[in-house]
Asks: 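Handing you a structure now.
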Protein chains: 2
Amino acid sequence: MARRPKAEGSEDRREQIIDAALRVFARKGFARATNKDIAREAGITPGLIYYYFADKEALLQAVIESRSPLRLFEHLEPAQWDAPPSEFLHAILCQALNIIESEQVISLIRTVLSELLHGEEIPLLPKLFLPRIIAVLQRYLRLQRERGMVRAEVDPEEVAQVLLSAMMGLVMRRQVLRDTSVLRYSHEELVSLVLKTLLPGLLPAS
Amino acid sequence: MARRPKAEGSEDRREQIIDAALRVFARKGFARATNKDIAREAGITPGLIYYYFADKEALLQAVIESRSPLRLFEHLEPAQWDAPPSEFLHAILCQALNIIESEQVISLIRTVLSELLHGEEIPLLPKLFLPRIIAVLQRYLRLQRERGMVRAEVDPEEVAQVLLSAMMGLVMRRQVLRDTSVLRYSHEELVSLVLKTLLPGLLPAS
DNA sequence: TCATATTAATTGACTGACCAGTTAATTTTG
DNA sequence: CAAAATTAACTGGTCAGTCAATTAATATGA
């Protein structure tokens, strides 16, 4: 096989290698993943990787940059801003959870996390995920507080931080620790669980 | 130097190697940590590691088993069971946070987490940390609910899960993501932050 | 319409470095 | 001295990365 600049047959080799690498990195970790592993997963020979990528590190960067779910988070807003807290928060947290717990994003998280754990500076990715959701939550809470739908003494930033941390902790326990006491819930149930304990502190009156 | 079965001079070589290994594993990850690294950190030559440990894997196991903070969690209870929720929860969460965010435990978490991320089954450790705290929290909440100090409709298990997940998420964001928006808080402030948004849903009346 | 030239894509064999683990020799200590 | 502790040199294997050779899609020309 050769010369397939843009033609039929297998789609873009580069993408194919990135996909294979993501799977292998997630399964074995970057350090333990060999070029042979990646090549086998992609159905090519190890040498070919260096036709498309300068070195293993560059392949990792390509994986991280091109498989980031950041674009998915752009479309996170459509939830109705006028809905009451219980509905709005449930909707937006479910959306976020569905994106994050998709197979591809979890693979990316596994890959990035273990690099992040040891020195390696990942450009700017995880610093973009959470602030995105936090900003939306914060904006909504401030709006609803003005309208009197949320207690006056609530600090939107603090609540958003706690809410997000709780969700993140749950995802960690599910996907990394494989904690059965938290794996038994569906996405909807998880969000309901969190909101059930947080909402009473948000809503006015009683 | 030789023969120091129990005598003076440097303390136990074995412990010394374990400490060095923990530091190097945390810094570079198990896969990337070389015996040379560990030996340098311990001030010995690489070969000596194999006098005390069968192989690298056995060293990792020794690190995990002997540096587990499980024993520290045994003494977690002394908090006053009769104190009101705001005091009790603040005290016990601060205790837990202080243990977990100590240098040694964070190093262990870095080490174990990256193994846990990729296939490797860690015996039974992280499955013991959290349940320990959860059990204490749950027991306390049930007790105080009977006394009417906690709302009747509160589910102790669910609240404990959410509380713990929030704390875990915060620790992750601090220690792994190095999220400045959450690093600026002291341990006490962090716990206050979480309780401020959770307590209103727990306490009766309003 | 067929041969041939051109070039991108791909292979597989190779290399130099490094690393986990071994061992024989050496030092220390009791 | 004898046992325990430690070293230094070594080994076999693996892996990231290189490269010359090969293949095949396409373009060119007659």
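By convention in this document, chain letters (A, B, ...) are assigned in the order of the sequence lines, proteins followed by strands, and residues within each chain are numbered from 1. Computation of the quantities below employed the complete heavy-atom set of this structure, encompassing side-chain atoms and omitting hydrogens, waters and symmetry-equivalent molecules.
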Asks: Rounded to whole Å, how long is the line connecting atom CZ of A:Arg14 with atom C1' of C:dT10?
Replies: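 A:Arg14 atom CZ is separated from C:dT10 atom C1' by 17 Å.
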
Asks: Within the pair B:Tyr51 and D:dA5, is there a side-chain N or O less than 4.0 Å away from OP1 or OP2?
Replies: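 For D:dA5, OP1/OP2 do have a side-chain N/O of B:Tyr51 under 4.0 Å.
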
Asks: Within this structure, what is the CG-to-C1' distance between A:Leu48 and D:dG17, rounded to whole angstrom?
Replies: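 Those two atoms, CG and C1', are 14 Å apart.
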
Asks: Which residues pass the ring pair (Phe, Tyr, Trp, His ring centres under 6.0 Å) test with A:Phe53, not counting sequence neighbours?
Replies: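 Ring pair (Phe, Tyr, Trp, His ring centres under 6.0 Å) check on A:Phe53 returns nothing, list empty.
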
Asks: Quick one: sort the A:Tyr140 and A:Trp81 rings into parallel, tilted or perpendicular, breaks at 30° and 60°.
Replies: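 Geometry flag for A:Trp81 against A:Tyr140: tilted rings.
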
Asks: Taking all non-hydrogen atoms of both residues into account, name the closest pair between A:Ala42 and A:Ala20 and its distance.
Replies: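 Between these two residues, the closest heavy atoms are CB-CB, 3.6 Å.
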
Asks: Compare the minimum distances between each of C:dT10, D:dT7, D:dT6 and the side chain of A:Arg13, then state the nucleotide with the smallest one.
Replies: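 Out of C:dT10, D:dT7, D:dT6, the nucleotide with an atom closest to A:Arg13's side chain is C:dT10.
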
Asks: Please tell me if the side chains of B:Leu89 and B:Leu202 come closer than 4.5 Å, counting only heavy atoms from C-beta onward.
Replies: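 Yes. Closest side-chain heavy atoms under 4.5 Å.
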
Asks: Rounded off to whole Å, could you give me the CD1-to-P distance for the A:Ile44 and D:dT22 pair?
Replies: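 Rounded to the whole Å, the gap is 21 Å.
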
Asks: Contact class for A:Tyr52 vs. all strands (heavy atom < 4.0 Å): base, sugar-phosphate, or nothing?
Replies: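 Result for A:Tyr52 = sugar-phosphate.
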
Asks: Reading nucleotides 19-24 of chain C 5' to 3', which nucleotides get B (base under 4.0 Å from a protein heavy atom), which S (sugar-phosphate only), which -?
Replies: SSBB--

Asks: Once ring pair (Phe, Tyr, Trp, His ring centres under 6.0 Å) is applied, do any residues pair with A:Phe73, and if so which ones, sequence neighbours excluded?
Replies: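 A:Phe73: ring pair (Phe, Tyr, Trp, His ring centres under 6.0 Å) contacts with A:Phe129.
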
Asks: Measuring from the side chain of A:Thr45 (C-beta onward, heavy atoms only), which nucleotide among C:dA8, D:dA5, C:dG12 has the closest atom?
Replies: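 Closest of the options to the side chain of A:Thr45: C:dG12.
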
Asks: Just wondering, do B:Leu130 and A:Leu177 contact through their side chains at under 4.5 Å, heavy atoms?
Replies: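 A:Leu177 vs B:Leu130: side chains touch.
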
Asks: Please report the distance, rounded to the nearest Å, between CD1 in A:Ile49 and C1' in D:dC19.
Replies: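 Checked: the CD1 to C1' distance equals 16 Å.
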
Asks: Take atom CZ of A:Phe53 and atom P of D:dT18, then tell me their distance rounded to the nearest Å.
Replies: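 Roughly 15 Å, once rounded to whole Å.
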
